[in-house]
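Basis for what follows: all heavy atoms, side chains included, without hydrogens, waters or symmetry-related copies. The model shown is predicted, which means the values in this text are computed figures rather than measured ones. Order of the sequence lines sets the chain letters (A, B, ...), proteins ahead of strands, with each chain counted from 1.
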2 protein chains.
Amino acid sequence: MAKALRTQDKIIVAAEKLFSEHGFEQTSLRQITSEAEVNLASVNYHFGSKKALIQAVMARYQSVFMPALAEQLYQLQKNPEQVSTEDVLACVMQPMIALRQVRVDGPVIYLRLLGYAYSEIQGHLRKFTMTNYGEIVHEFFQLIQQANPNVCPKTLFWRLHFSLGAMLFAQTSSQALREIAAADFGEETQAEETLLKLLPFVAAGISAAEPDVES
Amino acid sequence: MAKALRTQDKIIVAAEKLFSEHGFEQTSLRQITSEAEVNLASVNYHFGSKKALIQAVMARYQSVFMPALAEQLYQLQKNPEQVSTEDVLACVMQPMIALRQVRVDGPVIYLRLLGYAYSEIQGHLRKFTMTNYGEIVHEFFQLIQQANPNVCPKTLFWRLHFSLGAMLFAQTSSQALREIAAADFGEETQAEETLLKLLPFVAAGISAAEPDVES
DNA sequence: CCTTATTTAAAACGACCGTTTAATTAAGGT
DNA sequence: ACCTTAATTAAACGGTCGTTTTAAATAAGG
């Protein structure tokens, strides 16, 4: 028989699913506890508050993703002369796939959670990420700079956030967009295919030549 | 003396400000009517519902932006042999600036509203836009296809939405990002400069060569 | 077996939401 | 002046939210 999940785990599993589908603020504790088939009060008993539950959900993915990303960046830094933008971006793929060990659909869940986290609680997640994994983010940025020595750091800063926006937007509205795409082009697009389509777009945008400015 | 605004206009002005700052669902009618210094019930009296108020706010900008965009696209279509992706994208700049006639900070307001509209009520705004201005959107898409004959339409569909995500994300979190950028790079970045930085990024991403796929 | 601590269950709390009602005031036409 | 229509006001309604409280069930230990 399948292993019986403890109440905390049932809550986490249900919360991840509903948060990723409808966002944090649009998901009520009653929806979560109903989906998990546990009592409403058990969320506050086990996690203290809804906010703490959100952080617990996010931390579970970050604690897997970020160390995996650090390892990929470390491997890339071994021969730092010949790194391309695509190489650096590709470093996020394996950590994404590693999220399957958290949950079979972990990659999709995590990306959607990220999207909602950024669009809803804006600064909170960034602060959380930077205080816990700021070093890894810094390394990533340094490698991107190294791969694009002819683009000034300030421009790269903005282009990385443009890329983040493209990814998060595509994921949070991926279901609606995939439906539209299916209606317009007949064939269906898988969620993973969306990520694969994103990489060349982002790589080209980051490495684009800077327009001449009269100064 | 300044012209006295009617109740409807006071509601619209307050709603635009609060919607663009906190999103649609996070802004209550009580906040709006308090900011506008009108009675709570007047929203439902003049607009019928909160949903109708949201549509009225969006329609006010779309009715200025979309015809202006149509005019720009029409001008571009006069010599359709030599259109570049940058040319097509540049068509959105003048209509953006035209939004100053709606409100001095109209361009920023509209972009933020767009961002929240897409991330919150997802399908609703798209349906509204397509039924009213579907022809203009279609022309825009056709010109993008024309400028990129070697990229398949499905890929272009996704890349346009990636671009939309990059733009909307940059705008909704532009204030926080500009503060971070100022702290990291010393100099400040203006909101308009953000849009200018976006264009080459998006243009390069849209026109990027498609990776080879084994089929 | 009884006592104690832990976990679950159900109900209620206070707050805020969008909306509606009913009463009052202002405005416009004849 | 009057009457009719429009606009504004204050109050309340039904509903959902996160959280807390209260009581019951369960588990553990001597």
Undergrad: In terms of relative ring orientation, are A/Phe19 and A/Phe24 parallel, tilted or perpendicular, with 30° and 60° separating the classes?
TA: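 The rings of A/Phe19 and A/Phe24 sit tilted, inter-plane angle from 30° to 60°.
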Undergrad: Could you pull out all residues at least two apart from B/Arg103 that satisfy salt bridge (charged side-chain N to carboxylate O under 4.0 Å, His left out)?
TA: B/Glu16, B/Asp105
Undergrad: Could you please spell out the steps behind the side chain to side chain donor-acceptor pair (under 3.5 Å) verdict for A/Gln26 and B/Glu25?
TA: CA-CA 9 Å; A/Gln26 294 301 313; B/Glu25 310 196 351; 2.4 Å; yes
Undergrad: Just to verify, what does B/Glu86 make a salt bridge (charged side-chain N to carboxylate O under 4.0 Å, His left out) with, not counting sequence neighbours?
TA: none
Undergrad: Measure from CZ on B/Phe47 to P on D/dA6 and round the result to the nearest Å.
TA: 17 Å
Undergrad: Contact class for A/Thr33 vs. all strands (heavy atom < 4.0 Å): base, sugar-phosphate, or nothing?
TA: nothing
Undergrad: If you compare every side-chain N and O of A/His46 against the phosphate oxygens of C/dT8 (OP1, OP2), does one of them come in below 4.0 Å?
TA: yes
Undergrad: Please report, rounded to the nearest Å, how far the P atom of D/dC17 is from the CD atom of A/Glu25.
TA: 13 Å
Undergrad: Could you tell me the separation between the CD atom of A/Gln31 and the P atom of D/dG18, rounded to a whole number of Å?
TA: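 These atoms are roughly 8 Å apart.
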Undergrad: Which part of the nucleic acid, if any, lies within reach of A/Ser28 when heavy atoms closer than 4.0 Å are counted: base, sugar-phosphate only, or nothing?
TA: sugar-phosphate
Undergrad: In this structure, how many angstroms lie between the C1' atom of D/dT16 and the CD atom of B/Gln26, rounded?
TA: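 Spelled out: CD on B/Gln26 to C1' on D/dT16 is 14 Å.
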Undergrad: Provide, to the nearest angstrom, the distance between the CD1 atom belonging to B/Ile11 and the C1' atom belonging to D/dT9.
TA: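 Value for this atom pair: 13 Å.
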Undergrad: How far apart are the C-alpha atoms of A/Gln142 and A/Gln146, what are their side-chain angles, what is the distance that settles it, and do they pass the side chain to side chain donor-acceptor pair (under 3.5 Å) test?
TA: CA-CA 6 Å; A/Gln142 269 194 322; A/Gln146 199 170 308; over 6 Å; no
Undergrad: For DNA chain D, what is the dot-bracket line, given that a base pair needs Watson-Crick (N1 to N3, plus N6-O4 or O6-N4) or G-U wobble (N1-O2 and O6-N3) geometry with both distances under 3.5 Å, and | means paired with another strand?
TA: ||||||||||||||||||||||||||||||
Undergrad: Could you tell me if the ring centre of B/Tyr110 sits under 6.0 Å from that of B/Phe65?
TA: yes
Undergrad: For nucleotides 19-27 of chain C, tabulate all protein N/O to nucleotide N/O atom pairs closer than 3.5 Å, reporting atom names and distance.
TA:
from: C/dT19; atom 1: OP2; to: B/Lys50; atom 2: N; distance (Å): 2.8

Undergrad: Indicate yes or no for a side-chain donor-acceptor contact from B/Thr131 to the backbone of B/Phe128 under 3.5 Å, with no hydrogens or angles considered.
TA: yes
Undergrad: Test of understanding: with salt bridge (charged side-chain N to carboxylate O under 4.0 Å, His left out), list the residues that count as partners of B/Glu210, not counting sequence neighbours.
TA: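 None.
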Undergrad: Please name all residues satisfying salt bridge (charged side-chain N to carboxylate O under 4.0 Å, His left out) with A/Lys50, sequence neighbours left out, ordered by chain then number.
TA: none
Undergrad: Can you tell me if B/Ser42 touches the phosphate of D/dT9, counting only side-chain N or O atoms and a distance under 4.0 Å to OP1 or OP2?
TA: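 For B/Ser42, the contact criterion (side-chain N or O under 4.0 Å from OP1 or OP2 of D/dT9) is not met.
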